[in-house]
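These notes concern the structure reproduced below.
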Amino acid sequence: MRVLKIPHPFRLILVASAVAGAPILNAELKPLLAIPDSIAFKSDFSDPVPLKRETWQQRQHTRWKIEDSVLRGIPSTIEFQKSQSHHQGLEPRISCPATPSEFVAKFSIRFIGGSETSIAPFVEFGHHIARIKFSESGVSLIVDGESVKLDEDVTFTYHSGKWYHALAELKGDEFVIQFANGPTLYAKHPRFAQPVTSGGAGFGVADTRDGTVEIDNLTLWTIQERPNENWASTRARIPKFEPVILKEKK
């Protein structure tokens, strides 16, 4: 199993939620790669306000709103689906252009019901750039239009209705994501350092087909220019993965 054991002060501290099935509000995952600077966006979604376009892009006419203290997404309407030959909104999709180009991002997410596809469910940072695919066969980090798999953990499998608590970081051409009670996935790739020129920018989500997705406790930070002084030694202890070509890049 690809679980990176991080010593103090990066020790993971979990405090059970008072509400059964609710997100763990203080899963203290600590940054490994970058040093957070200022908060670009933060919400626990306790206030059911309308979504601002400068913060959220609801993609493919899928429907999103804040309710029950989460950001919840459901598929597009049947009428819209029938009117389209592709991009029908069968899987709830959203992106957050408020995400800094280099960042630390902490969030909780769960995918409820629906069916897994060859593409979704996933969380990504930059459209088709750093994508974390959840599957019954494990979790994987893929890049560059899903052309290369850069890391994976086959023991960390997807379960409908399960909350996943994660902390992701991107600095330069390096990306790392930690999961509470799960693996640390890491990769270095030139595509990470290139800006998004089309599609959904920043933190993005796609749910299972015909499912419901919930996001909670999202915080996005800018990062400091100076490196995390412990990163080199931490990176050396992350298990190595040989990249796998999934398809020829178009």
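Glu242 has no carboxylate O lying under 4.0 Å from a charged side-chain N of Lys240, or vice versa, which leaves the two without a salt bridge.
Side chain of Gln58 to backbone of Trp64: a donor-acceptor contact under 3.5 angstrom is found. A donor-acceptor pair is defined here as one N or O able to donate and one able to accept, closer than 3.5 Å; such a pair exists between the side chain of Gln60 and the backbone of Gly89. No donor-acceptor distance shorter than 3.5 angstrom exists from the side chain of Ser147 to the backbone of Lys247, with no hydrogens or angles considered. Although no hydrogens or angles enter the test, the distance criterion places no donor-acceptor pair under 3.5 Å between the side chain of Gln178 and the main chain of Ala166. Of the possible donor and acceptor atoms, one in the side chain of Gln81 sits under 3.5 Å from a partner among the backbone N and O of Ser76. Asp207 contributes a side-chain N or O that, together with a main-chain N or O of Thr212, makes up a donor-acceptor pair within less than 3.5 Å. Judged purely by atom type and a 3.5 angstrom limit, Thr208 uses its side chain to pair as donor or acceptor with the backbone of Gly113.
Residues Ser108 and Asn217 form a side-chain contact, since some pair of their non-hydrogen atoms from C-beta on lies under 4.5 Å apart. At a threshold of 4.5 Å between non-hydrogen side-chain atoms, the residues Thr234 and Tyr186 do not count as touching. Looking at Arg59 and Ser95, their side chains come closer than 4.5 Å, going by heavy atoms from C-beta outward. Looking at Lys106 and Lys42, their side chains never come closer than 4.5 Å, going by heavy atoms from C-beta outward. Residues Glu152 and Phe241 form a side-chain contact, since some pair of their non-hydrogen atoms from C-beta on lies under 4.5 Å apart.
For the atom pair OG of Ser43 and CG of Leu51, the computed distance is 9.5 Å after rounding to the nearest 0.5 Å. Annotation: the span from Asp44 atom CG to Leu218 atom CG amounts to 10.5 Å, rounded to 0.5 Å. The CG atom of Leu32 lies 9.0 Å from the CZ atom of Arg237; values are rounded to the nearest 0.5 Å. Put simply, CD on Glu91 and OG1 on Thr62 are 9.5 Å apart, with the number rounded to the nearest 0.5 Å.
When all heavy atoms of Thr157 and Glu136 are compared, the closest pair comes out as CG2-O, 3.2 Å. Here the shortest heavy-atom pairing between Val49 and Ile66 reads O-CD1, 3.7 Å. For the residue pair Leu185 and Val139, the shortest heavy atom distance occurs at CD1-CG1, 4.2 Å. Nearest heavy-atom pair across Asn228 and Pro31 is ND2-O, 3.7 Å. Pairing each heavy atom of Pro36 with each of Val104, the nearest pair is CG-CG2, 4.2 Å. Counting all heavy atoms, side chain and backbone alike, Ala40 lies closest to Ala98 at CB-O, 4.0 Å.
The list of salt bridge (charged side-chain N to carboxylate O under 4.0 Å, His left out) pairs with a residue in residues 116-125, not counting sequence neighbours, reads Glu116-Lys133, Glu124-Arg131. Residue pairs that meet the salt bridge (charged side-chain N to carboxylate O under 4.0 Å, His left out) test with at least one member in residues 162-188, sequence neighbours left out, are Asp173-Lys188, Glu174-Arg235. Applying the ring-ring contact (aromatic ring centres under 6.0 Å, His included) test to residues at least two apart or on different chains, the pairs with a partner in residues 69-92 are His61-Phe80. Annotation: salt bridge (charged side-chain N to carboxylate O under 4.0 Å, His left out) contacts involving residues 62-89, sequence neighbours excluded, comprise Lys65-Glu67, Glu67-Arg72, Asp68-Arg72, Arg72-Glu214. For the ring-ring contact (aromatic ring centres under 6.0 Å, His included) condition, the pairs that include at least one residue of residues 40-60, sequence neighbours left out, are Phe41-Trp56.
A donor-acceptor contact under 3.5 angstrom links the side chains of Thr222 and Ser38, judged on distance only. Thr219 and Trp221 are not linked by any side-chain donor-acceptor pair at a separation below 3.5 angstrom, with hydrogens and angles left out of the test.
The distance between the ring centers of Phe192 and Phe125 does not fall below 6.0 angstrom. Aromatic ring centres of Phe111 and Phe134: separated by under 6.0 Å.
Cluster annotation: Ile35 is not connected to Leu29 through the hydrophobic network of ILVMFWY side chains, with a link wherever side-chain heavy atoms come within less than 4.5 Å. When the side chains of ILVMFWY residues are joined at heavy-atom separations under 4.5 Å, either directly or via intervening members, Ile74 and Val213 end up in two distinct hydrophobic clusters. Hydrophobic clustering (ILVMFWY, side-chain heavy atoms < 4.5 Å, transitive): Leu167 and Ile223 are in one cluster. No path of Ile, Leu, Val, Met, Phe, Trp and Tyr side chains, each step under 4.5 Å between heavy atoms, connects Ile112 with Val123, placing them in separate hydrophobic clusters.
Cluster note: Ile119 groups with Phe122 through ILVMFWY side-chain heavy atoms spaced under 4.5 Å, whether in direct contact or through intervening members.
Residue Val148 forms a side chain to side chain contact (heavy atoms under 4.5 Å, CB included) with just one option from Ile142, Leu141, Val244, Ile245, and that option is Ile245.
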Requested in this report: Check the pair Phe203 / Ile215 against side-chain contact (heavy atoms from CB on, under 4.5 Å), numbers first and verdict last.
Outcome: CA-CA 11 Å; Phe203 172 74; Ile215 302 169; 4.2 Å; yes

Report task. Decide side-chain contact (heavy atoms from CB on, under 4.5 Å) for Cys96 and Thr55; before the verdict, give the C-alpha distance in whole Å, the side-chain angles of both, and the deciding distance to 0.1 Å. Result -> CA-CA 5 Å; Cys96 180; Thr55 305; 4.2 Å; yes

Report task. List the steps and the verdict of side-chain contact (heavy atoms from CB on, under 4.5 Å) for Phe175 and Ile132. Result -> CA-CA 11 Å; Phe175 176 87; Ile132 299 92; 3.8 Å; yes

Report task. Dump the intermediate steps for side-chain contact (heavy atoms from CB on, under 4.5 Å) on Thr184 and Ile177, then the final yes or no. Result -> CA-CA 6 Å; Thr184 295; Ile177 184 167; over 6 Å; no

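In Glu225, the CD atom is not crowded: 12 or fewer heavy atoms of neighbouring residues, nucleotides or ligands sit closer than 6.0 Å.
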